[in-house]
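Note sheet for the following structure.
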Amino acid sequence: MTDTKIPDDHPRAKSLLAREKLINSYLKGIVAASGLIAHGRGEAFDYLLGEKTSKPALEAVEAAAAMFLTAKNPVISVNGNTAALVAEEVVKLANVTGSKIEVNLFYRSRARELAIKKLLEKARAREVLGVGKNASAKIPELSSERRRVDPRGILAADVVMVPLEDGDRTEALVKMGKKVIAVDLNPLSRTALKASITIVDNIVRSAPKLVETVEKLKNQDVGKCREILRNFDNRKNLAKSMILIRENLSNFAAERVAERGRAM
Ligand code: ATP
C-alpha cells in the first residue's frame with residue numbers, strides 16, 4: 001500500500017487523493033492496470049472541463065435521475081475503477097432508485113470479482129450480482145469478458161448505468177433495447193456517443209449529485225420525470241460539453257496572452 005501524505009492545501013489534493021485510491025485499489029486487485037490508464041485519460045478531459053460539474057452535466061444528471069425513477073428494472077454495472085472511487089455512492093444510488101448492483105469487468109478474474117464484491121458489501125450493498133457462476137448469461141455481439149452478465153441483473157434490465165465504460169458494450173446494450181446511462185469525462189468517446197444519457201463529469205462529483213437529484217425528484221409526480229426525459233437530447237448535451245471545452249481553451253489562451261502583455 002502507498003502511505004503518501006497528501007497535504008490538504010495542495011492545489012491538486014482531490015486529484016491526488018483519487019489517484020491514491022486507485023493505486024491502492026490496484027494493489028488490492030480491485031482495479032486492473034488498464035484502469036489506471038483509463039483514469040489518466042479521464043483526468044485529461046477533467047482539466048479541459050475546468051474540474052467542476054458543468055451545466056450540461058447537471059442537465060444529464062437530472063435526466064439520468066428521471067430515467068432511474070421511471071425504470072422498471074434498473075441495474076448499476078460496476079467495474080474496478082467505479083468501485084474504487086465511489087462504492088458508497090453506488091450503494092446509496094441503488095437504495096434510492098431500487099436498482100440492483102452487478103459486477104461487470106473487461107479483465108474478469110474470480111479474485112477481482114470477489115474483491116469488488118467485498119468492497120461493495122463493506123459499503124453496505126445488500127446483494128451484488130454478476131459474480132462467479134451467476135454471470136451465466138451472455139450479451140450477443142460481444143466477445144470480451146464483458147459479455148458475461150447475470151440473468152437476474154443486466155440481462156433482464158430495462159435501464160443500465162455503466163460508469164467508465166467502453167463503447168462496445170454500451171452499443172451492444174443499446175442494441176438489446178436497453179436504455180444506457182453512461183458517466184464519461186470524454187464527450188468524444190464511443191460510449192458517450194452511443195449511450196442514451198451521458199453524464200460528462202467525474203464520477204467522484206456526479207455520483208453524489210445523482211443521489212441528491214433522485215432524492216429531490218422522487219417527491220414529485222412521475223409526469224415531471226417524463227417531461228425531463230422528453231426534453232433531454234443526448235447529442236445536443238454532448239455538443240454543449242464540447243463547446244464548453246472549446247470555450248475553456250479559448251479562455252485559458254486569452255489569460256496567457258494577457259499575462260504576457262502585463263509582463264512586458
Ligand atoms: P470508448 O470505447 O468509449 O471510446 P475508451 O476506449 O476510452 O472509450 P475505456 O478505456 O474503457 O474506454 O475508458 C473509460 C472512460 O472512462 C474514458 O473515456 C475516461 O475518460 C473515462 N473516465 C476515467 N475516469 C473517469 C472518472 N473518474 N469519471 C468519469 N469518467 C472517467
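Count residues from 1 along the sequence. Each ligand, and each atom within it, is numbered from 1 in the order the structure gives.
In this structure, atom 27 (N) of ligand 1 lies nearest to the protein heavy atom N202 OD1, 2.9 Å. Counting only heavy atoms of the protein, atom 28 (N) of ligand 1 lies nearest to I203 N, 3.0 Å. When hydrogens are left out, the protein atom nearest atom 3 (O) of ligand 1 is T191 OG1, 2.6 Å; that is the closest non-hydrogen contact. When hydrogens are left out, the protein atom nearest atom 31 (C) of ligand 1 is L164 CD2, 3.3 Å; that is the closest non-hydrogen contact. At the top of the distance list for atom 23 (C) of ligand 1, counting protein heavy atoms only, stands A38 O, 3.2 Å. Shortest contact from atom 4 (O) of ligand 1 to any protein heavy atom: R190 N, 3.0 Å. At the top of the distance list for atom 5 (P) of ligand 1, counting protein heavy atoms only, stands R41 NH2, 3.7 Å. Looking only at protein heavy atoms, the nearest one to atom 21 (C) of ligand 1 is D184 OD1, 3.3 Å.
Taking every non-hydrogen atom of D201 and a distance limit under 4.0 Å, the qualifying atoms of ligand 1 come out as 28 (N), 29 (C). Near N186, with a cut-off below 4.0 Å to any heavy atom, the atoms of ligand 1 are 18 (O), 20 (O). Close contacts of ligand 1 with L85, meaning ligand atoms under 4.0 Å from a residue heavy atom, involve 27 (N). Within ligand 1, counting atoms from 1 as listed, the ones closer than 4.0 Å to a heavy atom of G167 are 1 (P), 2 (O), 3 (O). Of all the atoms in ligand 1, the ones that sit under 4.0 Å from a non-hydrogen atom of G42 are 19 (C), 20 (O), 22 (N), 23 (C).
In this structure, R169 and V162 have side chains that are in contact, with non-hydrogen atoms separated by less than 4.5 Å. The shortest side-chain heavy-atom distance between R108 and R148 falls under the 4.5 Å cut-off. Counting heavy atoms from C-beta on, the side chains of S77 and E102 never come closer than 4.5 Å.
Of all heavy-atom pairs between E59 and N237, the closest is OE1-ND2, 3.4 Å.
With respect to the salt-bridge test (charged N to carboxylate O, under 4.0 angstrom), the residues R152 and D150 qualify. Between K209 and E89 there is no salt bridge, since no side-chain N of the basic residue sits under 4.0 Å from a carboxylate O of the acidic one.
In the hydrophobic clustering, M264 connects to no other residue, as no ILVMFWY side-chain heavy atoms lie under 4.5 Å from its own.
Here the rule is side-chain contact (heavy atoms from CB on, under 4.5 Å) with E51, and of R205, E43, K14 only R205 fits it.
In this structure, of D166, N81, L185, L36, the residue bringing a heavy atom nearest to atom 30 (N) of ligand 1 is L185.
Residue contact annotation: T170 has no non-hydrogen atom under 4.0 Å from ligand 1. Under the 4.0 angstrom criterion for non-hydrogen atoms, E165 is in contact with ligand 1.
Using a distance-only test at 3.5 Å, with no hydrogens or angles considered, no donor-acceptor pair links the side chain of K122 to the main chain of K117. In terms of modelled atom types and a separation under 3.5 Å, the side chain of S25 and the main chain of I30 share no donor-acceptor contact.
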